Amino acid sequence: DVFGFTLEDVRRKSAGSAVYIVKNCLNVPDPLREALVKVEGQEGKLALVSIIAAIIWMRDGKVEEGDLWNLLETLGFKRDEMHRHLGNVKELVEKTFPRQMYFDRVREG
């Protein structure tokens, strides 16, 4: 349980491969939950940062930038293309979200 989320291993019976889901385990009253989650016009950005946080969490707190972009591209978020709802995804992932302290972007080497 980290930041009100749990990671559950959901195994597919036929494939036998590990599949994980992130579940919200906060017990927050509905009106308060709506106030916390609903930021007018920001729903898409909050969804994207949640996806990234889940990826980082499933990778034990660290993910290589190339791996992150490969995963995001499988979900339709292209690094060098404008997203029709979010705009410049590269700017969000590499500058805006780290500046807003959703996660740290650290260069190694």
Side-chain angles (χ1 to χ4, degrees):
D1 181 15
V2 178
F3 302 113
F5 294 97
T6 58
L7 182 67
E8 269 191 38
D9 182 3
V10 182
R11 302 224 179 245
R12 294 185 181 154
K13 293 180 182 177
S14 61
S17 62
V19 176
Y20 298 94
I21 60 171
V22 177
K23 290 178 62 178
N24 179 359
C25 61
L26 292 175
N27 187 11
V28 180
D30 287 340
L32 180 57
R33 180 181 299 125
E34 287 179 23
L36 290 172
V37 174
K38 190 168 186 178
V39 180
E40 197 65 37
Q42 300 296 310
E43 293 88 355
K45 290 177 185 176
L46 290 173
L48 178 59
V49 81
S50 297
I51 290 167
I52 294 169
I55 291 169
I56 293 169
W57 189 35
M58 288 188 289
R59 298 278 181 107
D60 293 324
K62 182 178 177 181
V63 64
E64 297 289 328
E65 190 169 336
D67 293 340
L68 176 64
W69 280 110
N70 287 337
L71 289 166
L72 290 175
E73 285 188 9
T74 64
L75 299 171
F77 299 103
K78 307 290 184 197
R79 184 179 197 166
D80 296 318
E81 293 180 15
M82 296 296 279
H83 188 274
R84 67 180 185 172
H85 299 292
L86 300 175
N88 189 339
V89 175
K90 179 180 177 181
E91 176 87 12
L92 286 171
V93 172
E94 296 180 3
K95 294 182 181 174
T96 304
F97 292 157
R99 186 175 57 245
Q100 293 174 340
M101 301 172 74
Y102 282 110
F103 52 84
D104 293 324
R105 185 169 182 238
V106 178
R107 294 180 191 246
E108 293 185 357

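Everything quoted here is computed from the prediction, not taken from an experiment.
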Peer 1: Roughly how far, to the nearest 0.5 Å, is CZ of Arg105 from CD of Glu65?
Peer 2: 4.0 Å
Peer 1: Are the charged groups of Glu94 and Arg79 less than 4.0 angstrom apart, N to O?
Peer 2: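 The answer is yes: the pair qualifies as a salt bridge.
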Peer 1: Mind listing the side-chain donor-acceptor pairs of residues 71-78 below 3.5 Å, one per line with the distance, residues two or more places apart or on another chain?
Peer 2:
| from | atom 1 | to | atom 2 | distance (Å) |
| --- | --- | --- | --- | --- |
| Thr74 | OG1 | Leu71 | O | 2.5 |

Peer 1: How long is the straight-line distance from CZ of Phe103 back to CD1 of Ile52, given to the nearest 0.5 Å?
Peer 2: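 Separation between the atoms: 4.5 Å.
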Peer 1: Taking the side chain as C-beta and beyond, is there a heavy-atom pair between Val49 and Gln100 under 4.5 Å?
Peer 2: no
Peer 1: Where is the tightest heavy-atom contact between Leu86 and Lys45, given as atom of each residue plus distance?
Peer 2: CD2-N, 3.5 Å
Peer 1: Evaluate the side-chain proximity of Tyr102 to Val93: yes if any heavy-atom separation is below 4.5 Å, no if none is.
Peer 2: no
Peer 1: Honestly curious: do Leu92 and Met82 fall in one hydrophobic cluster under the side-chain, below-4.5 Å linking rule?
Peer 2: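 No, separate clusters.
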Peer 1: Answer whether the closest heavy-atom distance between the side chains of Ile56 and Lys62 falls below 4.5 Å.
Peer 2: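 No. Closest side-chain heavy atoms not under 4.5 Å.
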Peer 1: Got a sec, which residues hit side chain to side chain contact (heavy atoms under 4.5 Å, CB included) with Arg99, two or more places apart in sequence or on another chain?
Peer 2: Lys95, Thr96
